[in-house]
Amino acid sequence: MRIEKIVTYYGYDLLINSVLYKRCIHCNGWYEFKHEFGYCPDCIFSYESQSRKSKEMETKYL
């Protein structure tokens, strides 16, 4: 297993076996970098589910 620390403007990223890992802005957990989001898939999913619930509540009480 090969682990490299890549220094960036905001800190550092990890390169593990030629796969780039970044730190989530919200939960500070490491996630495999695939898209330029800044958040891990779990945080994105929880945000989407919360926003979906709030939209349902708005339409329910209108």
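All residue numbers in this chain count up from 1 along the given sequence.
- Taking hydrophobic clusters as Ile, Leu, Val, Met, Phe, Trp and Tyr residues chained together by side-chain heavy-atom distances below 4.5 Å, Tyr12 shares a cluster with Met1.
- Side-chain heavy atoms closer than 4.5 Å link hydrophobic residues (I, L, V, M, F, W, Y) into clusters, and following such links, possibly through other members, connects Ile3 to Trp30.
- Listed by chain and number, the residues in a side chain to side chain donor-acceptor pair (under 3.5 Å) with Glu32 amount to none (sequence neighbours excluded).
- Grouping Ile, Leu, Val, Met, Phe, Trp and Tyr by side-chain contacts under 4.5 Å, direct or through others, leaves Val7 on its own.
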Going by atom type alone, with no hydrogens or angles, which donor-acceptor pairs under 3.5 Å involve a side-chain atom of residues 14-25 and a protein atom two or more places apart or on another chain?
unit_1: Asn17; atom_1: OD1; unit_2: Arg2; atom_2: N; d: 3.0
unit_1: Lys22; atom_1: NZ; unit_2: Asp13; atom_2: OD2; d: 2.9
unit_1: Arg23; atom_1: NH1; unit_2: Asn28; atom_2: O; d: 2.9

